[in-house]
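Letters go in sequence order (proteins before strands), and every chain restarts at 1. Small disclaimer: the values here were computed from a predicted structure and weren't measured. These values consider heavy atoms only, across backbone and side chains, with no hydrogens, waters or symmetry-generated copies.
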Amino acid sequence: MLSRVADSLYWFSRYLRRAENCARLVGVNGQLELDLPRGLRFAWEPLVETLGVQAQFAQLYPDGGETAVARFLLVDERNPSSMLVSLAQARDILRSIRETLPQEVWFKVNHMHLDLQEGAERGIARRYRHELLARVVDGCLAVSGILTANVSRDIGYQFLRLGTALEQADMTSRIIDAGALGLIRSRLTDDAATIRNLQWMSVLRSLEADQMFRRHARARFAPAPALRFLLQSRDFPRSVAFCLVRIRQLLPSLPHYQPVERAVLRALALATDADAESLVEAGTTALMDEIQRALASLDDELRIAYFRA
Amino acid sequence: MGSNAIGSAWGRYRSSTWDELITTEGAARPAAEHLLAYLGGLNARDLGERQLAAGLAARLMGITFTVYSDGRNVDRTLPFDIVPRTITRAEWRRTEAGLRQRVTALNRFIGDIYGEQRIVRDRVFPRALLSKSVNFRPQCVGVKPPLGVWAHVCGSDLVRDGDGTLYVLEDNLRIPSGVSYMIQNRMVAKRVFPELFGTSAILPVDEYPAQLYDTLAALTPRPGDVPTIALLTPGIYNSAYFEHCFLAQSMGIELVEGTDLFVGDDDCCYMRTVEGPQRVDVIYRRVDDLFLDPEAFNPDSVLGVRGLMRAWRAGNVALANAPGAGVADDKVVFTYVPKMIRYYLDEEPILPNVPSYLCTQKRERDYVIEHLHELVVKPANESGGYGMLIGPRSTARQRAKFRDLILADPRNYMAQPTLSLSTVPILTESGFEPRHVDLRPFVLSREDVYVTTGGLTRVAMTKGSLVVNSSQGGGAKDTWVVDIEEAH
């Protein structure tokens with residue numbers, strides 16, 4: 001496998017997963033906002049911080065607000081992490097490696113891209129947004145499905161899986177942090193416990209984890225077990241630990257992987273050693289930042305081992 | 001079948017020249033009978049729907065070429081017209097034989113030019129032309145590529161004049177493109193007219209990638225092993241990038257860019273892979289000679305691979321087409337192809353050249369200068385339809401400019417009569433209208449010679465235009481070689 005192609009496969013799956021998470025994040029929270037009890041307010045700004053693009057946002061949309069956040073996170077070409085830009089990046093990369101993956105992947109991604117280009121403006125209006133985001137999520141999952149069903153488990157496939165897993169671990173840590181920063185705020189003297197529960201519910205739902213969590217927990221909802229689930233579950237495919245364990249398991253199919261494995265184990269230790277109870281009390285930001293840095297150095301190791309030309 | 005059989009849709013259709021589907025009397029030509037009767041039975045709405053479906057299919061398949069405009073590269077879909085061009089199998093057999101003969105002679109010529117230069121010594125081909133050829137590569141002198149083949153892939157452009165004669169307009173021996181459109185156009189046409197493919201004997205075109213693979217694999221310097229073959233592309237901003245992907249994918253070979261390759265101290269060529277360096281045996285290069293190797297040619301090239309010429313000359317890697325093959329697709333050298341056929345093969349040319357005037361010869365040059373208003377003047381080494389003068393459409397000022405250009409550098413110009421290129425109907429908003437076309441078949445040379453079934457029909461979409469190049473607003477059609485004996 002060419003180093004350049006391996007690099008492209010890795011980034012293609014990262015961008016695809018990023019777009020999907022982004023669509024889900026905005027979609028779920030838009031729904032959630034509609035269900036909030038009177039007196040509670042949804043704070044959209046943490047979603048922007050989640051993706052680390054608050055500076056651009058403040059500059060482009062000084063007034064903020066729900067529509068501005070949705071536009072910025074979904075379809076703004078000036079936001080390097082927007083859903084539209086992530087999909088466009090995935091498509092551009094795919095163009096340069098389209099001989100590597102089944103043609104239907106190209107058809108599907110190309111179709112999503114055209115759909116989004118034509119429907120973006122209308123699609124962010126609240127009436128249509130849900131539908132647009134559902135199409136993007138479905139499209140991304142359809143591509144994942146095609147890849148799973150139709151791509152040989154050769155070395156190239158391992159780079160696709162690496163990209164998906166690493167991006168998901170990263171997005172999960174970011175969404176956890178957004179939730180902890182407080183997506184829901186109260187105008188009244190608050191019932192802190194209620195708000196906190198709602199916040200963690202929204203985090204779970206943003207990661208499509210609420211149902212799986214409930215089946216797993218079989219108890220009254222509480223934030224710490226939810227956080228533990230998202231960080232440490234070995235069964236839920238979007239948990240940080242699950243993604244890192246998956247990376248570790250596929251490494252032996254790659255050549256000279258030892259430095260990469262060491263970086264995986266460092267990141268994995270951060271997730272598994274975390275104490276959810278105290279994080280819920282004291283805040284998750286420090287740990288999530290640390291996890292993101294560990295993931296960034298894992299990305300560095302991959303580049304040194306396989307992508308550097 | 002007479003003119004009635006083709007339906008009223010064709011009643012008003014008139015071409016000012018030879019039409020590939022319909023005679024001047026308004027009757028269907030033999031290979032088009034079935035098609036025209038069928039199209040005649042569709043109403044405007046049916047036709048519109050099919051044209052729309054074709055456009056959609058092309059868009060979804062991502063059939064594009066890249067053009068540079070407004071400071072950014074954009075993907076354009078090649079305009080596709082649903083009405084195919086038809087050719088009888090009998091005519092195609094003869095054309096195929098003519099191309100086989102022509103490309104065989106061209107390969108002998110290139111080998112001779114970089115070898116003994118017998119044709120020059122025997123005074124059939126003037127030495128002066130060679131010394132001024134911009135495509136002659138001194139770096140290639142003395143090299144003996146495998147099987148003696150230099151131009152493994154040739155795309156020859158054929159045009160038909162008003163009297164029905166099929167001429168060769170030029171041979172592209174460097175990095176001819178368009179074959180992927182030929183294959184994809186057929187995929188689109190099958191979606192649009194599944195009924196016709198069921199009932200007519202339309203010969204398939206999809207074996208090309210397998211034939212190309214065999215052509216390339218035969219060149220490996222390490223016979224016995226499964227060869228590692230790569231297609232070298234300039235990258236995603238090249239106008240033919242879509243084709244590079246398509247071919248690499250269809251053949252299951254690696255698509256590489258210059259930075260993916262390097263030549264080691266052992267003069268072998270390697271790819272950079274996640275496992276480390278892997279040796280490459282054959283490179284189907286779609287990068288121009290001068291960008292191929294900064295060590296041998298353009299030192300600023302970032303598209304190529306340093307040392308590649310060294311590896312090629314040492315016989316450690318095969319290049320297709322071989323560097324230097326372009327010496328024979330110079331438009332002035334072109335005029336000598338009939339002589340080459342007689343000289344190397346001792347045969348009469350089956351396909352005629354478009355008649356040409358050489359500006360190096362005084363009498364012909366004088367004629368050209370006096371008749372600029374009725375001739376097409378071409379520079380020797382441009383492609384893509386650039387730098388030409390189309391006399392009948394030119395202004396006095398343009399003609400004056402070309403007069404000066406020719407007198408300043410006669411070797412660099414040749415002229416041809418303005419042919420009234422044949423037409424094929426296209427579907428427009430006001431029904432069927434004639435548009436001019438050419439035809440580019442692709443010829444593969446190895447121990448034997450393979451010719452595509454038909455080729456790429458390019459069509460000038462603008463009324464009256466003679467320029468079919470995709471870079472200048474041309475479109476494409478599917479090309480059907482029809483076995484009429486079998487169909488009846």
Check your understanding: Which residue out of B:Thr233, B:Asp260, B:Leu247 racks up the most heavy-atom pairs below 4.5 Å with chain A?
Key -> B:Asp260
Practice item. Answer whether the closest heavy-atom distance between the side chains of A:Leu2 and B:Gln278 falls below 4.5 Å. Key: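 The answer is no; the side chains never approach within 4.5 Å.
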Point to revise | Check: B:Tyr241 and A:Ser96 side chains under 4.5 Å, non-hydrogen atoms | key: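 Yes, their side chains come closer than 4.5 Å.
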As an exercise, state the distance from [atom1] of [X] to [atom2] of [Y], rounded to the nearest 0.5 Å.
| X | Y | atom1 | atom2 | result |
| --- | --- | --- | --- | --- |
| B:Ile236 | A:Ile93 | CD1 | CD1 | 9.5 Å |
| A:Gln103 | B:Ser250 | CD | OG | 7.0 Å |
| A:Phe307 | B:Arg272 | CZ | CZ | 15.5 Å |

**Study point:** Proximity of residues 251-258 of chain B to chain A, residues having a non-hydrogen atom under 4.5 angstrom
**Key:**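 Residues in range: B:Glu254, B:Leu255, B:Val256, B:Glu257.
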Point to revise | Heavy-atom proximity to chain B below 4.5 Å, by part of A:Leu101 | key: backbone
Show me the side-chain donor-acceptor pairs of residues 161-173 of chain A shorter than 3.5 Å, one per line, residues at least two apart or across chains.
{"residue": "A:Thr164", "atom": "OG1", "partner": "A:Leu160", "partner atom": "O", "Å": "3.0"}
{"residue": "A:Glu167", "atom": "OE1", "partner": "A:Arg14", "partner atom": "NE", "Å": "2.8"}
{"residue": "A:Glu167", "atom": "OE1", "partner": "A:Arg14", "partner atom": "NH2", "Å": "3.0"}
{"residue": "A:Glu167", "atom": "OE1", "partner": "A:Arg18", "partner atom": "NH2", "Å": "3.1"}
{"residue": "A:Glu167", "atom": "OE2", "partner": "A:Arg18", "partner atom": "NE", "Å": "2.8"}
{"residue": "A:Gln168", "atom": "OE1", "partner": "A:Arg17", "partner atom": "NH1", "Å": "2.7"}
{"residue": "A:Gln168", "atom": "OE1", "partner": "A:Asn21", "partner atom": "ND2", "Å": "3.0"}
{"residue": "A:Gln168", "atom": "OE1", "partner": "A:Arg238", "partner atom": "NH1", "Å": "2.9"}
{"residue": "A:Gln168", "atom": "NE2", "partner": "A:Asn21", "partner atom": "OD1", "Å": "3.2"}
{"residue": "A:Gln168", "atom": "NE2", "partner": "A:Thr172", "partner atom": "OG1", "Å": "3.1"}
{"residue": "A:Asp170", "atom": "OD2", "partner": "A:Arg174", "partner atom": "NE", "Å": "2.8"}
{"residue": "A:Thr172", "atom": "OG1", "partner": "A:Gln168", "partner atom": "O", "Å": "2.8"}
{"residue": "A:Thr172", "atom": "OG1", "partner": "A:Arg238", "partner atom": "O", "Å": "2.7"}
{"residue": "A:Ser173", "atom": "OG", "partner": "A:Asp170", "partner atom": "O", "Å": "2.8"}
{"residue": "A:Ser173", "atom": "OG", "partner": "A:Gln292", "partner atom": "NE2", "Å": "2.9"}

Side-chain polar contacts of residues 248-261 of chain A - donor-acceptor pairs under 3.5 angstrom, sequence neighbours left out - could you list them?
{"residue": "A:Arg248", "atom": "NE", "partner": "A:Glu261", "partner atom": "OE2", "Å": "3.2"}
{"residue": "A:Ser253", "atom": "OG", "partner": "A:Leu250", "partner atom": "O", "Å": "2.6"}
{"residue": "A:His256", "atom": "NE2", "partner": "B:Val274", "partner atom": "O", "Å": "3.4"}

Practice item. Could you tell me whether A:Arg122 atom CZ has more than 12 heavy atoms of other residues or ligands within 6.0 Å of it? Key: no
Check your understanding: By side-chain hydrogen bond (donor to acceptor under 3.5 Å, both in side chains), which residues pair with A:Tyr61, not counting sequence neighbours?
Key -> A:Asp76
